[in-house]
> 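Here it is: the structure, laid out below.
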Amino acid sequence: MEKYLIDHIGFRLGAPIKAASRLSGGDISQAFLLETGSGRFFCKVNQDSSAHAFFVAEKEGLEAISKTNTIAVPQVLLCEESDFGAFMLMEYIEPGDATSMDMALFGRQLGALHLAYGAGSYGWNTDNFIGSLPQSNQKYTDWNVFYSKERLLPQFMLAKDRMLLRSPEIPSETALLKTCQNLFPETKPSLLHGDLWSGNYLISKNGTPYLIDPAVYFGHHEVDIAMTRLFGGFGPDFYGAYAERFPEVGGESARTDLYQLYYLLVHLNLFGKSYYSSVSSILKKYF
């Protein structure tokens, strides 16, 4: 981490940085633990031209979740551009080992987030990002239209442009909408984390669940749950507690496939052909 940036952050905090150490993880940005005489802070740094917009969207998402008073998120202290790239400074949450009680609390709190308040439409006030890819959030009152137009179609078009899918493999907009209408129930917009895999939450040392790295919008609450199941799942304590708020209504398996398709397309576009077979199997099953 550049000394200029360390000094600048120390100046903005009103406390000099005594130590800066690189943290593991962070596929998109570099992550650092900064230590002052009064506390520790988590800092992301990115020199990409779109990094500041990326951090602003993340900050807005964290603040939107925080305003529901349902589940904790790290407090954002600074979000700025500098001569050495954009950076975002947050409170540092020391992770702990999650117990079954912690995961049950996480499930209940996520359910509370999804119930906290609704919206008149699906989408968000601004576009944001899913991973490092842009995520369009134009508002629609019909979830089927939103999901087919704002989620699946853009990823299909990107995969086609990158020659990761061939035109005959890609369903038409009409076919996408018809499948969504056949499989999705009537629902109300919930505030979603939007990218809820195991790397985007943590349990603190005192057992408090925290959401991090959101890609928020208003959508069907099952989208978050589908993502939690994509790479191994969060365990029975989490799902049992979540079901206290949202009991299963039938048809979840097919909807999970369709909701995971979005994230698999994102991974296909980000990481390439290793995700092709997973995408292809869902396409063959439903289209």
> Take atom CD in Glu248; do more than 12 heavy atoms of anything else shown fall under 6.0 Å from it?
no
> Taking the side chain as everything from C-beta on, heavy atoms only, tell me whether Phe32 gets closer than 4.5 Å to Arg22.
yes
> Parallel, tilted or perpendicular: which one describes the rings of His8 and Phe87, with boundaries at 30° and 60°?
perpendicular
> Can you name the salt bridge (Lys or Arg N to Asp or Glu O under 4.0 Å) partners of Arg162, sequence neighbours left out?
none
> If you round to the nearest 0.5 Å, how far is CZ of Phe156 from CD of Glu173?
12.0 Å
> If two hydrophobic side chains count as joined below 4.5 Å and joins carry through other members, does Val73 share a cluster with Ile93?
no
> Under the criterion side-chain contact (heavy atoms from CB on, under 4.5 Å), I'd like the reasoning laid out for Ile17 against Thr36: C-alpha separation, chi angles, the key distance, then a yes or no.
CA-CA 5 Å; Ile17 307 298; Thr36 71; 3.7 Å; yes
> On the ring face of Tyr92, is Arg40 found with NZ or CZ under 6.0 Å from the centre and within 45° of the axis?
no
> Does anything in residues 49-70 pair up under salt bridge (Lys or Arg N to Asp or Glu O under 4.0 Å), and if so which pairs, sequence neighbours excluded?
Lys44-Glu58, Lys59-Glu63
> Do Leu211 and Asn200 have side chains that get closer than 4.5 Å, going by heavy atoms?
no
> Taking the six-membered ring for Trp, are His193 and Tyr201 closer than 6.0 Å centroid to centroid?
no
> Could you tell me whether the side chain of Phe42 reaches within less than 4.5 Å of the side chain of Leu89, counting heavy atoms only?
no
> Classify the ring geometry of Tyr147 against Tyr262: parallel below 30°, tilted from 30° to 60°, perpendicular beyond 60°.
perpendicular
> Could you check whether Asp142 and Asn144, counting side-chain N and O atoms only, form a donor-acceptor pair closer than 3.5 Å?
yes
> Between Tyr242 and Phe234, does the ring centre distance come in under 6.0 Å?
no
> Between atom CD1 of Ile225 and atom CG of Leu230, what is the distance when rounded to the nearest 0.5 Å?
13.0 Å
> Taking the six-membered ring of Tyr122, is NZ or CZ of Arg151 closer than 6.0 Å to its centre and within 45° of its axis?
no
> Return each pair, listed once, that meets ring-ring contact (aromatic ring centres under 6.0 Å, His included) where at least one residue sits in residues 264-287; pairs must be two or more places apart or across chains.
Phe231-His267, His267-Phe271, His267-Tyr275
> Here's one to test your reading of the geometry: is the NZ or CZ of Arg229 within 45 degrees of the ring axis of Tyr239 and under 6.0 Å from its centre?
yes
> Regarding Thr179 and Asn182, do their side chains bring together a donor and an acceptor under 3.5 Å, going by distance alone?
no
